[in-house]
Student: 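Would you mind keeping the following structure in view while I ask a few things?
Within every chain, numbering begins at 1; the chains are lettered A, B, ... in the order of the sequence lines, protein sequences first and strands thereafter. The figures that follow rest on heavy atoms only: side chains count, while hydrogens, waters and symmetry mates do not.
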Number of protein chains: 2
Amino acid sequence: MSEQKISEAIHTLKHAGVRITPQRHAILEHLIQSMSHPTADEIYKALEGKFPNMSVATVYNNLRMFKEVGLVKELTYGDASSRFDCVTTEHYHVICDLCGKIVDFHYPGLDEVESLAESVTGFKIARHRMEIYGVCPDCQTKH
Amino acid sequence: MSEQKISEAIHTLKHAGVRITPQRHAILEHLIQSMSHPTADEIYKALEGKFPNMSVATVYNNLRMFKEVGLVKELTYGDASSRFDCVTTEHYHVICDLCGKIVDFHYPGLDEVESLAESVTGFKIARHRMEIYGVCPDCQTKH
DNA sequence: TATTACTTTATAATCGTTACAATTAGTTTA
DNA sequence: TAAACTAATTGTAACGATTATAAAGTAATA
Ligand SMILES: [Mn+2]
Ligand SMILES: [Mn+2]
Ligand SMILES: [Zn+2]
Ligand SMILES: [Zn+2]
């Protein structure tokens, strides 16, 4: 289960010459075990019981670090906070307009879109992002 | 040309019971004639010669208004400012990773992605967003 | 142990955006 | 037309997420 993933991640960090501090370990563990897409502040609040003195800057610092070594991806949205995803394999997200729930959505990739964009615009395309919006099953039943 | 579009937009506004103030007209005109995707601040700066006393709040207020009546769409990005697009027909954007240039990209729409997402997740899908990232022709030649 | 580099912490600063209250301008009513 | 009402603009304060900075703590190394 997630034990496996945590120790892999720690190995990656050690290999990158990064110290495994208690705070760092806890942030990583929370990210992996939560199975969700938490914001920096959600992580901060989730850990304040265990680390009453941890600074919110520590959460941000470490999330940036994790991004740099490829352990997490940042999902950015307009006004709201960024969310962080430790599933770094290619996938999309379906987001509920009402409650904000984010669900992973695996899809074959849109290579043809990229190659068409490349030929039409002359850009050298590197990647794309896509999110799909709607109303989740829970919110549908709640009227 | 854009004259046509401006008068159509003004008609829409009047129909919505909105006064056409000089500031409002200028913001609208700039949006339509610029043929680009300006930020609120870019609009503000572009008009400060003509309206030295205009408040930045006026730009934001009117952009929100335009959005509400469907004249413009807001493109939101992570950290950076929102950009505003007065082409409200369905299209995508190709964005340069180096200079930030935004180019329209028309593509048949991804209805199959939406319907697959709907069946897989149980969401009632309403829409999606997609952006494609790469390096623009200009930035490619500048090495 | 002394030195060094890394990490955390606390807090100030930044930036885009919005809220608010006062003022101005336009519209309707008497 | 004048008064009353409504909409819009302005200037500025506030907000919220994130980053910068400097001081203090901790681990690694010599
Ligand atoms: Mn995900
Ligand atoms: Mn566009
Ligand atoms: Zn929902
Ligand atoms: Zn470019």
Side-chain angles (χ1 to χ4, degrees), chain A residues 9-10 12-30 37-69 71-84 100, chain B residues 9-10 12-31 37-69 71-85 100:
Chain A
I10 288 173
T12 302
L13 288 176
K14 280 185 178 161
H15 191 261
V18 173
R19 292 180 194 159
I20 311 301
T21 66
Q23 294 90 335
R24 200 160 268 171
H25 189 283
I27 294 168
L28 193 59
E29 191 178 41
H30 179 81
H37 304 83
T39 64
D41 200 59
E42 283 169 0
I43 297 170
Y44 173 68
K45 287 199 165 54
L47 298 179
E48 73 181 354
K50 224 174 189 173
F51 296 89
N53 298 320
M54 184 167 65
S55 168
V56 69
T58 299
V59 178
Y60 280 101
N61 287 341
N62 281 296
L63 288 172
R64 174 153 24 100
M65 234 255 19
F66 295 161
K67 253 171 60 185
E68 282 164 8
V69 299
L71 284 179
V72 305
K73 283 188 178 175
E74 183 176 3
L75 314 176
T76 63
Y77 303 102
D79 45 330
S81 305
S82 287
R83 296 188 165 273
F84 296 86
Chain B
I10 287 173
T12 302
L13 289 177
K14 279 185 178 161
H15 192 262
V18 173
R19 293 181 193 159
I20 312 302
T21 66
Q23 294 91 334
R24 199 161 268 170
H25 189 282
I27 294 168
L28 194 60
E29 190 178 41
H30 180 81
L31 259 169
H37 304 84
T39 64
D41 199 60
E42 283 168 1
I43 297 171
Y44 173 67
K45 288 200 164 55
L47 298 180
E48 71 181 356
K50 223 175 192 173
F51 295 89
N53 299 320
M54 184 168 65
S55 168
V56 70
T58 298
V59 178
Y60 280 101
N61 287 342
N62 282 297
L63 288 171
R64 175 152 25 99
M65 233 257 12
F66 295 162
K67 254 171 61 184
E68 281 164 8
V69 300
L71 284 179
V72 305
K73 282 188 178 175
E74 183 176 3
L75 314 176
T76 62
Y77 303 102
D79 46 329
S81 305
S82 287
R83 297 187 164 272
F84 295 87
D85 193 341

Student: Any non-hydrogen side-chain atom of B:L63 less than 4.5 Å from a side-chain atom of B:L31?
Tutor: yes
Student: For A:Y77 and C:dT17, give me the distance from atom OH to atom P, rounded to whole Å.
Tutor: 18 Å
Student: When rounded to the nearest 0.5 angstrom, what is the spacing between CG in A:N62 and CD1 in A:I27?
Tutor: 4.5 Å
Student: Nearest whole Å is fine: how far is C:dT7 P from A:I27 CD1?
Tutor: 12 Å
Student: What contact category does B:S82 fall into here, base, sugar-phosphate, or nothing, at under 4.0 angstrom with non-hydrogen atoms?
Tutor: sugar-phosphate
Student: For nucleotides 7-13 of chain D, give me every protein contact, N/O to N/O, under 3.5 Å, one pair per line with atom names.
Tutor:
from   : atom 1 : to    : atom 2 : distance (Å)
D:dA7  : O4'    : B:R19 : NH1    : 3.4
D:dA7  : O4'    : B:R19 : NH2    : 2.9
D:dA8  : OP1    : B:R19 : N      : 3.1
D:dA8  : OP1    : B:R24 : NH1    : 2.8
D:dT9  : OP1    : B:T21 : OG1    : 2.5
D:dT9  : OP2    : B:R24 : NH2    : 3.4
D:dT9  : OP2    : B:N62 : ND2    : 3.4
D:dT9  : O3'    : B:Q23 : NE2    : 3.1
D:dT10 : OP1    : B:Q23 : NE2    : 3.1
D:dT10 : OP2    : B:S55 : N      : 3.1
D:dT10 : OP2    : B:T58 : OG1    : 2.7
D:dT10 : O5'    : B:N53 : O      : 3.4
D:dG11 : OP2    : B:N53 : O      : 3.0
D:dG11 : N7     : B:S55 : OG     : 3.2

Student: Which whole-number value in Å describes the distance from A:L13 CG to D:dA27 C1'?
Tutor: 16 Å
Student: For C:dT18, does either OP1 or OP2 sit under 4.0 Å from a side-chain N or O belonging to B:Y60?
Tutor: no
Student: Taking CZ from A:F66 and C1' from C:dT7, how many angstroms apart are they, rounded to a whole number?
Tutor: 12 Å
Student: What distance separates A:L28 CG from A:I10 CD1, expressed to the nearest 0.5 Å?
Tutor: 6.0 Å
Student: Atom NE2 of A:H25 and atom C1' of D:dT26: how far apart are they, to the nearest Å?
Tutor: 18 Å
Student: Without decimals, in angstroms, what is the distance between A:R64 CZ and C:dT8 C1'?
Tutor: 13 Å
Student: Could you measure the distance from the CZ atom of B:F84 to the NE2 atom of B:H30? Nearest 0.5 Å is fine.
Tutor: 12.0 Å
Student: Ignoring hydrogens and angles, state whether a donor on the side chain of B:S82 or B:E74 is under 3.5 Å from an acceptor on the partner side chain.
Tutor: yes
Student: What integer distance in Å separates A:Y44:OH from D:dT18:C1'?
Tutor: 14 Å
Student: Give the rounded distance in Å between these two atoms: CG of A:D41 and P of D:dC15.
Tutor: 16 Å
Student: Side chain of A:R24, backbone of A:R19: donor and acceptor closer than 3.5 Å?
Tutor: yes
